[in-house]
Amino acid sequence: MKKILLLFASVLALVSCEKEVKFNGEQQESRLVLYCNAVAGENLVADVSVSVFFLDRLNGNADFTDPLDKDRGSVKVYVNGSDIPYEMTYSPREPRYYYYDPDNPENQKPYPPETLCYSCDYVPQEGDHIRVVASFPGFDEVSGETTVPENHLELLGSTLTKLDDDMYRYEFTACVNDPGTGPLFYAVHPYVKCCQRSNDFESEYEYRWDISSSDVLFANATEQLVAFIEGEEGVSHYFSNDLVYGKRHEFKFSLDIPSWYIDGQYETYSYDGKDYFYETTYDWYLSLQTLDEGFYYHKTSRDQLNSDFGLFSEGVTLYSNVKGGYGTVCSSVTNSVHLPVK
């Protein structure tokens, strides 16, 4: 008990003392940050911002975008070695607000954007080689490239079994046909779309579901992914092509689902002489993804950064494959299957 009290007192001392510490390290200059995930079948989108030395942050999100001159900057995309680029245009996303008042828009106060979003009418296809180049006054030009992978995952079959009144089980058989052309990563993501409706409103949202599997593919997932992406529930949704390089491999996985996520809910009631209803329905999908190295390592480092915290833990370095600055240019292809529930 004395040891516990001593440790508690030490922690309090660490957080309660104030002392100005002089930084003696090397200050990093601001550079362009470029992020672009080329998704097969979707219009290409890129995000641009600047890096900010941690002691120089003063104005929140504005620090990451205010130094960029949107009128004189450019983001270009070169596809399959062509010398003629696609010119990406500034395409701001819907803002988030400090204060939101749709009846009086002049009173609304939006947050500054964390990144500047650029888009073009080019739609990546499987096998395309893409090079993205961003140039803005006052910063070195940056570039990154990727080759969009082909889809190598296929769902072979699924069964839905009612275990008891409270639980169902989905069991899947899928296969991976790895081309053996280099490092690739794969992911399987079951997810559910929920629709809620009543007399006067309708809303939709979706979220992913954990899976279970005894296949060696998932046991081979890196310790980092198992530890900080999936936690201790189920197994990692990700696996590399290390064990299936150039091979075809069938594998199984499953998930347990509470009965209301299958049967849905429907209620009616009356209030003050008026009839009301409330309905919730669920649609199930399975996302089968083939990912390049950039996508995998970018997600790995970002998830570790967002979840790994400790007073004495080692700092996390974000993955970057962008020349001249920071960021990631990566690609992926997704095969999404709608799952029957009856």
Side-chain angles (χ1 to χ4, degrees), residues 34-42 44-46 77-81 122-132 143-156 172-191 208 211 213-230 234-253 285-304 317-323 327-337:
L34 171 65
Y35 174 73
C36 178
N37 177 27
V39 181
E42 298 181 10
L44 191 68
V45 175
V77 183
Y78 297 85
V79 181
N80 295 327
Y122 161 62
V123 178
Q125 302 297 320
E126 296 176 28
D128 281 356
H129 184 79
I130 300 167
R131 187 166 69 96
V132 185
S143 65
E145 51 191 296
T146 182
T147 298
V148 183
E150 296 180 356
N151 175 48
H152 301 299
L153 283 179
E154 179 184 2
L155 178 65
L156 300 179
F172 302 95
T173 302
C175 75
V176 53
N177 285 288
D178 188 78
T181 55
L184 282 176
F185 296 86
Y186 301 99
V188 291
H189 288 290
Y191 64 98
R208 291 177 174 177
I211 63 172
S213 177
S214 59
D215 196 281
V216 66
L217 289 179
F218 299 102
N220 188 51
T222 62
E223 291 181 2
Q224 292 95 331
L225 281 173
V226 174
F228 60 75
I229 291 182
E230 306 304 336
V235 299
S236 171
H237 294 263
Y238 295 82
F239 60 92
S240 73
N241 67 344
D242 290 347
L243 296 181
V244 293
Y245 194 84
K247 301 176 183 178
R248 182 182 188 277
H249 177 78
E250 293 188 10
F251 59 96
K252 298 180 183 292
F253 58 97
Y285 296 84
L286 178 65
S287 172
L288 303 165
Q289 292 183 296
T290 303
L291 320 168
D292 76 341
E293 280 187 295
F295 185 109
Y296 176 82
Y297 288 119
H298 171 76
K299 178 172 176 57
T300 298
S301 60
R302 284 205 58 165
D303 286 346
Q304 186 176 11
T317 300
L318 284 176
Y319 171 80
S320 175
N321 64 1
V322 168
K323 296 179 181 179
T328 307
V329 174
C330 57
S331 55
S332 62
V333 59
T334 300
N335 176 21
S336 186
V337 181

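Just so you know, these numbers come straight off a predicted model, no measurement behind them. Just so you know, residue 1 is the first one in the sequence shown, and it goes up from there.
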Q. So, for Ile211 and His237, which heavy atoms are closest and what is the spacing to 0.1 Å?
A. CG2-CE1, 4.0 Å

(Q) When you compare the side chain of Pro149 with that of Leu291, does any pair of heavy atoms fall below 4.5 Å? (A) no

Q | Side chains of Val188 and Phe218 in contact at under 4.5 Å (non-hydrogen atoms) | A | yes

**Q.** Value rounded to 0.5 Å, distance of CG in Leu286 from CG in Leu155
**A.** 6.0 Å

Q) Any side-chain donor paired with an acceptor under 3.5 Å for His249 and Asp178? A) no

Q: Nearest 0.5 Å please: distance from the NZ atom of Lys299 over to the OH atom of Tyr238.
A: 3.5 Å

Q) Does Phe172 have its ring centroid less than 6.0 Å away from the ring centroid of Phe251? A) no

**Q.** Spatial distance of atom OG (Ser331) from atom CG (Asp292) [nearest 0.5 Å]
**A.** 3.5 Å

Q. Looking only at heavy atoms, what is the nearest atom pair of Leu153 and Asn151, with distance?
A. O-ND2, 3.2 Å

Q | Asn241 (side chain) donor-acceptor with Gly182 (main chain) under 3.5 angstrom | A | yes

Q: Taking the side chain as every heavy atom from C-beta outward, state whether Tyr78 and Ile130 have any pair of such atoms under 4.5 Å apart.
A: no

Q.
To check you understand the geometry: which heavy-atom pair defines the closest contact between Asn80 and Gly127, and what is its length?
A. OD1-O, 4.2 Å

Q: Decide whether Thr290 and His152 meet the rule of one side-chain donor and one side-chain acceptor closer than 3.5 Å.
A: no

(Q) Using side-chain heavy atoms (C-beta onward) and a distance below 4.5 Å, is Val329 in contact with Glu145? (A) no

Q: For Ala40 and Val333, work out which heavy atoms get closest and say how close.
A: CB-CG2, 3.8 Å

Q.
Using every non-hydrogen atom in the two residues, find where Cys36 and Leu44 come nearest and quote the distance to one decimal.
A. SG-CD1, 3.5 Å

Q: Output the distance between atom CD (Gln289) and atom OG (Ser332), rounded to the nearest 0.5 Å.
A: 6.0 Å

Q: Please check if the distance between the ring centroids of Tyr319 and Tyr296 is under 6.0 Å.
A: no

**Q.** Gly294 to Cys330 - nearest heavy-atom pair and separation
**A.** C-CB, 3.6 Å

**Q.** Donor-acceptor pair between Ser287 and His189 side chains, under 3.5 angstrom
**A.** no

(Q) Is the ring pair Tyr35/His298 parallel, tilted or perpendicular, if the boundaries are 30 and 60 degrees? (A) parallel

(Q) Does either side chain, that of Asn321 or that of Thr328, offer a donor lying less than 3.5 Å from an acceptor on the other one? (A) no

(Q) Rounded to the nearest 0.5 Å, what separates atom CZ in Arg131 from atom NZ in Lys323? (A) 8.5 Å

**Q.** side-chain hydrogen bond (donor to acceptor under 3.5 Å, both in side chains) assessment of Ser336 paired with Tyr191
**A.** CA-CA 10 Å; Ser336 186; Tyr191 64 98; 3.1 Å; yes

Q) How long is the gap from CG on Leu243 to CG on Leu217, to the nearest 0.5 Å? A) 6.5 Å

Q. Looking just at side-chain N and O atoms, do Ser240 and Asp242 make a donor-acceptor pair shorter than 3.5 Å?
A. yes

Q. For residues Thr173 and Lys252, is any side-chain donor paired with an opposing acceptor at under 3.5 Å?
A. yes

